[in-house]
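So you know, we letter chains A, B, ... as the sequences are listed, proteins then strands, and number each from 1. Only a predicted model underlies this, so the values are computations on that prediction, with no experimental measurement involved.
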Amino acid sequence: MACSSIFIFDSKGKALITRNYRNDTFLGQAKRYISHLLEQAEENEKCPISEEKDGVTFIYVEHNSLYFVAATRYNTNAAIVVEFLYSIIKVFQDYFKEVEEESISDNFVLIHQLLDEMMDFGYPQFSEAKVLQEYIVSETHKLVTSENTSVPIAVTGQVSWRKEGISHKKNQVYIDVIEKIKMTISEHNRVLNSEIIGSIMLNTELTGTPHCHLGLNDKIRLEKKSSSKKLKSSQMDDIKFHQCVRLSKFDSDRSITFIPPDGPFELLSYRVSRITKPLFTIESMIERHPGSRIEYLLKVKSLFRSNATATNVHVFIPVNENADSPKIKSSSGKCKYEPQSNQMNWWFKNFEGGKEHTMRAHFGLSSFDRKEADKRPITISFEIPYETVTGIRVKFLKIQEKSGYTALPWIRYLVIGEPGAYEIRI
Amino acid sequence: MSRTQAEIQEIEFSLRQPKEIKRKPAIKHVISLMTAGRDVSALFSPLLSCLNTKDIEIKKLIYLYLMHYAKSKPSLVEQALQFIVVDVNDQNPLVRALALRTMASIRVEKFTTFLIEPLKEGLKDKDPYVRKTAVLAVAKLFDINPELVKKHGFVDRLTKLLSDSNSMVVSNTVATLMEISNASPEPVFQVTKENEKYITSAINESTEWGQVFLLESLMEYQPPSPKEAEKIIDRVVPRLSHKNSAVVLSSVRLILKMFTFIEEKEIILQFARKMAPSLVSLMDNNPEVQYVALRNINLFVQRFPKLLIKDAKVFFCKYKDPVYIKMEKVDILVMLATNSNINELLIEFTEYAKEVDVDFVRKSVNAIGKCAIKLSKAAQACVKVLIELVKTKINYIVQEVIIVVRDIFRRYPNQYESIIGVLCENLQSLDQPEAKASMVWIIGEYSDRIDNADELLKAFLFNFHEEDPEVQLQLLTSSVKLFLSKPDEGQEILEQVLSTATNESDNPDLRDRAFMYFRLVDAGFEEANNIILGEKPLIDTISFKYDSKLLGKLLSQISTLSSVFHKLPETFISGAKVFAQEDDDNSNDEDDGGILQVQEKEKEKKIEREKKNEMETQQIGQLINFADSQPPPIVKTKSIPQQRNDSPDQEMFEMEIAQRNDEVIVDKEEIIDEERGKGMIVSAAFRRREQQIYFDLTISNRTSYPFGKLAMVFNKNLFGMKPNAQVPITGIMPGQTTECSVVCPIIQSHKLPANEATLEVQIAIKNFEVFYTQCTSPMNIFFTEDGKIEKRNFLNHWKAISDDDERIKEIQGLSETNPDILKMKLANLNIFFIAKRQEGSIDILYFSLKLVNSVIFLIELSIDQENQSCQLATRSQDTSLIPLFEEFMERFLTD
C-alpha cells in the first residue's frame with residue numbers, strides 16, 4: 001500500500017512543494033493539518049503519525065524548520081513512509097548541501113524531477129543520490145550532456161548503489177570505527193543504563209567493481225544460528241548492515257563481504273546494551289538556600305585508561321532559571337555560565353584518563369524564587385580518539401578487483417559522547 | 001491584470017525563440033508559475049512547439065505541465081498526445097519510460113485507450129527501467145479504469161513478469177498485483193508455490209524499498225506445510241539485520257504470519273528470540289521510527305511477554321525524548337515489569353514523576369500503580385514509593401496516587417490500609433472528580449478503620465450540590481457504609497445525605513439510589529449490612545492486554561498504520577477491504593516453558609471465573625454499589641487513545657459500526673453536553689448513505705449508573721424527517737460509549753410550513769428525564785442520488801424557469817478552485833456536473849441536483865481562479881429554499 005502525496009511546508013505553514021501521486025488527497029487537507037501541527041508545536045512535539053479528518057493519515061518529519069509531510073488514504077506501511085521522508089532529506093542534502101527553505105524553492109524544478117524518480121504512484125523506487133546525480137543534474141550548465149542522458153544501469157541493476165566505470169588515481173579506503181556511548185548514571189554514581197551504538201564508516205575511493213571482505217577481531221561475535229541455543233558471551237546485541245553487504249553470506253559464515261558504493265557510507269552498525277563501566281563520573285554537592293543563594297561543588301573523574309586522552313570535554317551543569325551574579329572557580333579547564341540555556345559549561349580541551357578535576361560555583365537567587373529545584377541532569381559530551389569501548393578492532397580489509405590493484409586502508413577509532421547522551425542525574 | 005498578461009506575453013516571446021538554450025529558462029519559468037498556483041494554460045501551444053526536442057529535462061518539464069492541465073483541459077492534451085506517442089518508441093529508454101509514465105498519469109479516461117498498446121509493448125521492453133515503469137502504469141490504469149485492465153489481460157501479463165530477471169521489475173510487479181487484487185471484488189492474484197520462489201529470490205537483490213513490497217506480498221502466501229513456513233522464515237531472518245526499519249518490521253510481520261502455520265512452540269520461540277534484538281535496535285533510530293517501533297513492540301510484547309524483559313533498560317526514558325515517545329516507553333516498561341527488575345523500574349518511574357510534563361508525570365504515577373496490581377510480590381515496594389510521592393504534596397501527583405491506590409485496595413483488600421492516613425492529609429487539594437470519588441470510596445470502604453471518617457465525609461458534603469454526579473453517588477454510598485459500620489457517628493450524616501438526595505437533587509439516579517438505600521436500611525440492619533458490606537470480587541490485570549483475537553489481527557498488521565494506531569484497518573480506512581484472515585489460535589503459545597504455560601492457563605481460567613462472578617454480582621452491584629463491581633478505567637491520560645480503556649469486545653463492536661463507508665463525512669456535533677445531560681453526552685450528525693438519511697449518534701455514559709433504553713422524537717422539520725425506530729440501544733454501562741444509527745424517512749405530514757425554513761431539527765431524548773436539544777441537518781442529506789439531468793434536457797429546464805426565479809450570490813475566499821476537484825467533491829454531495837465552458841480566466845460549471853421533495857435546482861458556478869471567488873447562480877421552481885442552499889454552498893466552498 002502506498003503514499004498518496006508528499007508535501008514540503010515551511011515553518012509558517014506555506015506549501016513549498018506539492019507532489020500528488022494519486023489524486024485522492026488535497027493540498028487543502030494538508031494545509032489544515034500543518035496549521036494544526038504548528039499550533040501544537042509550540043507546546044509539545046506532536047505525535048508524528050496521526051489520523052485526520054476524512055480518513056486521511058498524515059506522517060511528518062521536521063528538518064531545519066521544514067516539514068516533510070506524507071498523506072495517505074491507505075493502511076500504508078508506516079515505517080516505509082518515515083524512512084522514505086528521511087531518504088528524501090538525505091538525497092536533497094547530497095544535491096544541495098543545506099536543506100532549507102531557500103534551497104527548496106530555488107530548486108523546485110530539480111525537486112519535481114527527483115520526486116518523480118524516487119516515487120512512482122506512491123511507491124518508493126530509488127533513493128541513491130550518487131546514482132540519481134548521474135541522470136538528474138542540478139546545474140543548467142551541464143546541458144551539454146543532457147541529450148545523451150540515459151538511465152544508469154545501477155538504477156535497476158543488482159548493485160544499485162554503485163555506478164559503472166568509476167576510476168580513481170589512487171585507490172584507498174578510509175575506515176572509521178565510531179562508538180557513540182549513551183549512559184545514564186544515578187546520583188550515587190551507579191550506571192542505570194548504558195548503550196553503545198557502534199558504526200563502521202567507510203569512505204572508499206576504489207576503481208572498477210571491487211569485491212571487499214572485512215575482517216574484525218572476535219569481539220564481533222553474534223549468536224551463531226540455532227546451533228548454540230543459549231546466548232553465550234556474545235558481545236553484540238544486534239548488528240545492522242548497509243544494503244551492499246551480502247546478508248545471506250553473513251548469515252551462513254559470519255563473513256562481511258560487499259561491493260561498496262563510491263564515497264562515504266555506513267557499512268554496518270551494532271549495538272551493545274550490557275552495562276559497561278562509566279567513562280566519567282561526577283560527585284556533586286548542591287546546596288540550595290531558596291530565596292538567597294545556591295552553591296555547587298563538583299568533582300569530575302575520568303575512568304578510562306590513563307594513556308588515552310579525551311578531547312573537547314564539555315560538562316553541562318543545569319542552573320536555576322533566575323540565578324544571578326555567578327562566581328565560578330575551577331581547578332582546571334574553563335567554566336562559563338550560559339544564562340540563555342540556564343547552565344554552566346565546563347570545558348576541557350584535553351582530559352587524560354584517570355584524572356579528576358573540581359569546580360566550585362556560587363549563584364545568587366532572587367528572594368522571590370521559591371521554585372522547585374532544577375531536575376535536569378548533568379550531561380557530558382566528549383570524544384576519545386584511538387579508543388573503542390567494546391574493544392572491536394579491524395583486522396583486515398581484503399579488496400579484489402579484476403585489474404588487480406592494491407588499495408591502502410586507513411583506520412581510525414573514536415568514542416563519542418554526544419551532547420545529551422551521557423547524563424548524570426542529580 | 002495587464003501586468004500578468006505582459007508577463008505571459010514575455011514568456012511566450014521567449015518560448016518562440018529559435019534557439020533551444022534560450023527557450024529553456026522560459027519553460028522553467030512557466031513551471032514555476034504553475035506550481036505557485038498561477039494559471040499559465042494560455043501558454044500551452046507555444047510550449048507544445050518546444051516538445052520537439054532531444055533535451056530530456058525540457059521534456060520532463062513539459063510533461064509535468066501536461067499532467068497538471070490534463071484534467072481541466074483535455075482538448076489541449078489531445079494535441080500533445082501525438083508527441084508522447086512518438087516518444088514511446090524512442091531509442092533512449094529514459095524517454096520511453098517517461099512517455100509511459102506521463103501517459104498513465106494523465107488521468108483522463110478518454111485517453112486510456114491510447115495507453116493500452118504502448119503499455120503492452122512497455123511490459124515487454126528490453127530495458128528493465130521501462131518495464132518497471134510500465135508495470136506501475138498498469139496500476140495507474142487500474143485506478144482510472146479497472147475494466148480495461150481486465151479486458152486486456154494485464155493481470156496475466158503481470159503475473160508472467162514475476163519471473164523477470166530484474167528484481168526491481170519483480171518488486172513493482174508484486175506491488176501492483178497486490179494493489180489490483182486488494183481493490184478487486186475477488187482476489188486476482190495469489191502467491192503460489194512457484195511465485196513464492198521468484199519472490200524470495202528477488203528479495204536478496206532488491207533495493208530496500210523493493211524488499212518491503214516483496215516481503216509484504218509473501219503475507220498472502222499459504223505455505224503447504226509447517227516445514228515450508230519454516231523455510232520462508234529461514235530466508236527472511238537475515239533481513240532482520242537490514243538498516244531500513246521498514247525492511248526489519250516487514251520481516252517481523254512476515255515471520256509472525258508464518259508462525260500461524262507452525263505448531264511447534266519450541267521453533268516459534270527460537271525464531272521469536274531472533275526478532276527481539278532487531279526490534280530493540282530500532283530504538284537507535286530517529287524519533288519517528290522509534291515511535292512506529294514502540295507501538296509495534298507493544299504488540300510484540302503482548303504476544304511474547306518474556307522475550308524483551310532483559311532489554312527493559314532500553315526503554316528507559318531519556319530526558320530529551322519527545323513526550324510521545326516517553327508515554328509509549330512507560331507503557332512498555334509496565335508490561336516488562338517483573339519481580340526481579342521492579343526495583344530498578346520504580347527508581348525510574350519516581351524519577352519521571354519529578355519531570356515537568358503533567359501528563360507524563362501522571363502516567364508515571366499510574367505506571368507504579370499498575371505494577372503494584374500486576375506483581376503481587378512487589379506491591380509492597382510500589383506502595384511505599386507511592387507514599388513517598390504523596391509527600392511531595394504536588395496536586396496532580398497526589399490525585400493520581402489516590403486513583404491508583406483505590407485500585408490497589410481493590411486488588412489487595414486489607415493489606416495496605418496504612419496509607420489511608422497519609423492520603424487523608426491531602427484532602428484539600430483534590431479538584432478532579434475521579435480523584436475525589438476515589439477518595440470518598442476509600443473513606444467509605446474503610447470507615448471502620450478511619451477514626452474520623454465522619455468528619456472527613458462531612459467535609460465533602462459541604463459542597464454536595466456542586467459536586468460531579470460521580471462524586472455525589474459515591475458520597476451517598478460511602479455515607480451508607482459509614483452508617484453500617486459506625487451507626488452512632490454515621491446516622492446524622494446519612495440522614496443529611498438521604499434527605500438532600502431525595503428532596504433537593506434533580507438527578508433521578510441519585511434520587512432513586514437514595515430511596516433504595518433508605519428502604520434497604522429501613523428493612524433491616526443485618527440485611528443491609530450483608531448486601532452493602534459483602535465481599536467484592538478482586539480486580540485483575542487483564543485490562544493491560546488486548547483480547548487474543550484482536551491481538552492476532554493487529555500482529556498481522558505489524559509496521560502498517562493499523563499497528564501504529566492499534567486499530568484494525570477497516571476502522572480508519574474508508575472503503576478498505578476487510579482484512580480477510582482466519583482466526584489464529586495463538587492465545588496459548590506465548591510462554592517459554594511448560595510449567596509457566598500451565599500457570600498461565602490456570603490464570604486465564606481464574607480470570608474467566610472471576611469474570612463470571614463479576615457478571616453475576618453485577619446485577620446486584622448495579623443497584624447497590626455499582627462503582628465497586630465495575631472496574632473503573634485505569635488509564636486516564638489525555639494522549640492515550642480512548643480505545644485502550646475499553647474492553648476488547650466493545651472495541652470490536654465499535655469497529656463493526658465504523659466499517660460502513662460514509663460517502664460524505666460530517667463531524668458529529670455535541671448536541672447534549674455532559675453538564676446539560678447530567679452525565680450523558682450525545683453527539684450526533686445527519687448523514688446520507690445508501691439513498692437514505694441516517695441520524696448517527698454517539699452516546700457516552702459518564703455517570704456511574706447504567707442507562708436503559710433511550711427514546712427519541714423529532715419535532716416537525718423542514719422536509720419532514722422522522723426517525724422510523726427507537727434508538728437501537730439496550731443499555732449503556734457507566735464509562736461506556738456506544739454508537740448507533742437511526743434511519744429517518746421523509747414523512748409528508750411531519751413537514752414544517754415552508755415559510756419557516758430552517759435546517760435545525762428539534763429533538764427530544766429521554767433516558768431518565770427528557771432532554772431537549774437541536775441538531776443541524778446539513779442540506780446535502782436532502783439531495784437525492786438521481787439528481788443528474790441529461791445534458792440536452794438541462795438547457796430546456798434552464799430556459800423553462802424565468803430569469804426572475806434565479807438567485808445570484810457572490811462567494812469569496814474559495815478553498816478550492818480547481819474545477820475538477822470541485823466536480824468530484826460536489827458529486828460526493830449528489831450535486832451533479834452537467835457541462836462546462838470557459839470565458840477568459842473564468843471557468844463556468846453547470847450542475848443539477850434534486851431534493852427529496854422532487855424540487856430540482858439548476859446551478860451555474862462561475863469560478864474566478866485568480867481572485868479565488870465565484871458566482872453562484874441558482875434556478876428553481878421553488879425559490880424558497882434557495883437562500884438555505886446558498887448558505888450551504890458558501891460554507892462548503894470556503895471551508
Chain A shares the most heavy-atom pairs under 4.5 Å, among B:Ser815, B:Ser278, B:Ser250, with B:Ser278

| field | Minimum side-chain heavy-atom gap B:Ile821-A:Phe26 below 4.5 Å | value | yes

Cut-off 4.5 Å, heavy atoms of chain A, and the answer for B:Asp143 is side chain

Interatomic distance, CD@B:Glu344 vs OG@A:Ser186, rounded to 0.5 Å, equals 10.5 Å

Among B:Asp311, B:Leu249, B:Val289, the residue with the most heavy-atom pairs under 4.5 Å to chain A is B:Val289

Separation between CG (B:Leu61) and NE2 (A:His112), nearest 0.5 Å, reads 10.0 Å

Applying a strict 4.5 Å limit to non-hydrogen atoms, the region of A:Thr18 in contact with chain B is neither

Whatever's closer than 4.5 Å to a heavy atom in chain B on A:Tyr60 counts as backbone

Looking at B:Glu179 and A:Arg22, does any basic side-chain N land under 4.0 Å from a carboxylate oxygen? yes

Exam field: side chain A:Arg271 to backbone B:Pro277, donor-acceptor pair closer than 3.5 Å:
yes

So, do B:Trp209 and A:Ser127 sit near enough that their side-chain heavy atoms are less than 4.5 Å apart? yes

So, the part of A:Asp116 with a heavy atom under 4.5 Å from chain B: the answer is both

For a 4.5 angstrom cut-off between non-hydrogen side-chain atoms, does B:Met824 reach A:Asn23? no

CG of A:Asn77 to OG of B:Ser563, rounded to nearest 0.5 Å, is 8.0 Å

So OG of A:Ser269 and CG of B:Asp284: to nearest 0.5 Å the spacing works out to 7.0 Å

In terms of heavy-atom pairs under 4.5 Å with chain A, the winner among B:Arg131, B:Gln91, B:Glu208, B:Glu351 is B:Glu351

Cut-off 4.5 Å, heavy atoms of chain B, and the answer for A:Phe84 is both

Under 4.5 Å to a heavy atom of chain A? For B:Arg239 that would be both

inquiry  = Using side-chain contact (heavy atoms from CB on, under 4.5 Å), reason through B:Lys313 and A:Leu192 one step at a time and then give a plain yes or no.
reply    = CA-CA 8 Å; B:Lys313 281 191 172 133; A:Leu192 297 173; 5.8 Å; no

Okay, B:Tyr129 and chain A: the region with an atom under 4.5 Å from a heavy atom over there is both

Side chain to side chain, B:Lys140 and A:Asp120, heavy atoms closer than 4.5 Å: yes

Student check: side-chain heavy atoms of A:Glu423 and B:Lys318 closer than 4.5 Å: yes

NZ (B:Lys354) with more than 12 external heavy atoms under 6.0 Å: yes

Does the side chain of A:Phe108 come within less than 4.5 Å of B:Ile31's, by heavy atoms? yes

Most contact-rich option vs chain A, by heavy-atom pairs under 4.5 angstrom, among B:Arg101, B:Met67, B:Lys60, is B:Arg101

The reported gap from CD1 in B:Ile347 to CD in A:Glu187 (rounded to nearest 0.5 angstrom) is 8.5 Å

If one checks every heavy atom of A:Leu27 against chain B at 4.5 Å, the contacting part turns out to be neither

Whatever's closer than 4.5 Å to a heavy atom in chain B on A:Ser105 counts as neither

If you tally heavy-atom pairs under 4.5 Å between each of B:Asp820, B:Asn172, B:Asn818 and chain A, the highest tally belongs to B:Asn172

Applying a strict 4.5 Å limit to non-hydrogen atoms, the region of A:Thr72 in contact with chain B is side chain

Greatest number of non-hydrogen atom pairs under 4.5 angstrom with chain B, of A:His242, A:Arg246, A:Glu266, falls to A:Glu266

So, the part of B:Lys132 with a heavy atom under 4.5 Å from chain A: the answer is side chain

Turns out that what part of B:Leu240 lies under 4.5 Å from chain A's heavy atoms comes down to backbone

Applying a strict 4.5 Å limit to non-hydrogen atoms, the region of B:Val130 in contact with chain A is neither

Most contact-rich option vs chain A, by heavy-atom pairs under 4.5 angstrom, among B:Ala137, B:Ser562, B:Ser206, is B:Ser562

Review point. Do A:Glu83 and B:Lys243 meet the salt-bridge criterion of a basic N to acidic O distance under 4.0 Å?
Key: no

Whatever's closer than 4.5 Å to a heavy atom in chain B on A:Pro124 counts as both

Residue set satisfying side-chain contact (heavy atoms from CB on, under 4.5 Å) with A:Glu418, at least two apart, ordered chain then number -> A:Lys180, A:Ile416, A:Ala421

So, the side chain of A:Gln113 versus the backbone of B:Glu57: is there a donor-acceptor pair under 3.5 Å, distance only? no

Ranking A:Thr184, A:Asn20, A:Val109 by heavy-atom pairs under 4.5 Å to chain B gives rank one to A:Val109

So, the part of A:Glu52 with a heavy atom under 4.5 Å from chain B: the answer is neither

CD (A:Glu51) and CZ (B:Phe565) are apart, to the nearest 0.5 Å, by 5.0 Å

Under 4.5 Å to a heavy atom of chain A? For B:Val212 that would be side chain

Honestly, the part of A:Glu195 sitting under 4.5 Å from a heavy atom of chain B is side chain

| query | Between B:Glu348 and A:Arg425, is there a salt bridge with N-O shorter than 4.0 Å? | reply | yes

Crowding at NZ, A:Lys90 (>12 non-hydrogen neighbours, <6.0 Å): no

Shortest non-hydrogen pair, A:Asp238 vs B:Ser281, comes out as OD2-OG, 2.6 Å

Fill in: Side-chain heavy atoms of A:Tyr123 within contact of B:Ser171, under 4.5 Å
no

Honestly, the part of A:Ile49 sitting under 4.5 Å from a heavy atom of chain B is both

Whatever's closer than 4.5 Å to a heavy atom in chain B on A:Val61 counts as both

Quiz item: Can you check whether A:Asn75 reaches B:Phe572 side chain to side chain, under 4.5 Å on heavy atoms?
Solution: yes

